[in-house]
Engineer: 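Have a look at this one.
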Amino acid sequence: MKTIYLDHASTCPIHPDVITKMIPYIIEHFGNPSSMHTLGKHAKEGIKETRRGLAAFIGAEKEEIVFTSGGTEANNLAIKGVAYANRKKGNHIITSSIEHKAILEPCKFLESEGWSVTYLPVNRFGTVDPKDVMSAITDKTVLISIMHANNEIGTIEPIKEISAIAHERGVYMHTDAVQSFGHIPTKVDDIGVDLMSLSAHKIYGPKGVGALYVRGGTRIVPIMHGGEQENGKRAGTENIVGIVGLGAAVELAAKEMELESKRLTELRDKLINRLLAVAPDIILNGDRVNRLPNNISICIGGIEGETIMMKLNQNHLITSVGSACSSGKRGISHVLNAIGVPETFAYGALRVTLGRDTIEEDLDYLIEILRPTIIDLRYVGYRWQ
Ligand SMILES: *Cc1c(COP(=O)(O)O)cnc(C)c1O
């Protein structure tokens, strides 16, 4: 029985074309790109090519790309790098209550150093209201960071509107685009951001590599100190193999994103309808329309999501309960908490995220397994509250 992987929001398998592009950089082009000799030049060429392709894909200049060890480091560099560089102007940051931990934790860290952070609420679909951003801005605000799309519930945020508000007030705008990058358009001028985080392993590239887009003229200091790599913004010998892999993944996305997102949106909507029809007390999390093409997030009333996920796993279906981080209440994700999912439902979270290999038959099989599983679980342990 083949494994059906439906957890692409956590990570993706590396695409064969990406592997093919990476291999020469493992075997032959192993030089240090800072070296003057031929081997160094070959390695440097690999980085240059990714920089060129990535810049074109997001509509940026080559000099505006800073390669990092992934989305987490890109977020840390954006938050701490902009905060420290603009400390004279103020000590206030605005973000949302549904961000990834890689945003929330650097913000918390800055709070421990005397910074003030506003965590904006979201509506029941998980959307930030641009008006709330407007009223949160003070003379001391140096950065606004709102994610482009949420990793748990798939909601796409109105970044363009929020960027416009930020710029009206002279505040830098960052977005964590790790989930949206390569899945929906992320041209930096269209969404208006000054900084944007992205990661390779969510788009069929390798883990441990990503980038931060930094608009020219943005005041930012490095958080990793050492050599002069990445224009002095990120020290350390470059992860060439990873960076070349990122470049190949971007190339793939550039070719296939439009058609693939259309295909996945159709599969997604069909699956949502079928899931909601399985039992009356199943709810969809996130926005029905403004959501990532590959994200389906539901809550099943009165059942533990973890139990369902494990049952599906036994049947070779790989899904997820969302994210592991809780918000004080045991086991309920901070995102489901923020959108106000009642407790009896919030424990029953199940996230299904589709990918390049997903076909309709996989989803037929998911429904086929899920329906009796829910009925069985209800029979043994349903607690009506
Ligand atoms: C996966 C993810 C990250 C972290 O990226 P890594 O490359 O795994 O460090 C950050 N933000 C969001 C929204 C993510 O989905």
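We count ligands from 1, going down the list as the structure has it; atoms in each ligand are counted the same way.
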Engineer: If only side-chain N and O atoms count, and only distance matters, is there a donor-acceptor pair under 3.5 Å linking His8 with Thr353?
Structural biologist: no
Engineer: Side chain of Ser180, backbone of His148: donor and acceptor closer than 3.5 Å?
Structural biologist: no
Engineer: Mark yes or no for whether His100, through its side chain, and Ile103, through its backbone, hold a donor-acceptor pair below 3.5 Å.
Structural biologist: no
Engineer: As an exercise, identify every atom of ligand 1 less than 4.0 angstrom from a heavy atom of Gly70.
Structural biologist: 7 (O)
Engineer: For atom 13 (C) of ligand 1, what's the nearest protein heavy atom and its distance?
Structural biologist: Asp176 OD2, 3.4 Å
Engineer: Would Gln179 count as being in polar contact with ligand 1, using the rule that some N or O on each side must be under 3.5 angstrom apart?
Structural biologist: yes
Engineer: Where's the contact between Glu73 and ligand 1, heavy-atom distance under 4.0 Å: side chain, backbone, both or neither?
Structural biologist: neither
Engineer: Which is it for Lys202 and ligand 1 at heavy atoms under 4.0 Å: side chain, backbone, both or neither?
Structural biologist: side chain
Engineer: Please write down residue, atom name and distance for the protein heavy atom closest to atom 8 (O) of ligand 1.
Structural biologist: His201 NE2, 2.8 Å
Engineer: In sequence, state the C-alpha distance, the side-chain angles, and the governing distance for Asp269 and Ile272, and then conclude on side chain to side chain contact (heavy atoms under 4.5 Å, CB included).
Structural biologist: CA-CA 5 Å; Asp269 288 342; Ile272 289 174; 4.3 Å; yes
Engineer: I'd like the name of whichever of Asn76, Ile98, Thr72 reaches closest to atom 9 (O) of ligand 1 through any heavy atom.
Structural biologist: Thr72
Engineer: When you check the gap from the basic side-chain N to the acidic O, do Asp364 and Lys270 get nearer than 4.0 Å?
Structural biologist: no
Engineer: Going by distance only, is there an N or O of Gly71 that falls short of 3.5 Å from an N or O of ligand 1?
Structural biologist: yes
Engineer: Without hydrogens or angle criteria, can the side chains of Lys207 and Thr11 be said to hold a donor-acceptor pair below 3.5 Å?
Structural biologist: yes
Engineer: Give the atom numbers and elements of ligand 1 that come within less than 4.0 Å of a heavy atom of Asn151.
Structural biologist: 13 (C), 15 (O)
Engineer: Side chains of Glu45 and His29: does their closest heavy-atom pair fall under 4.5 Å?
Structural biologist: no
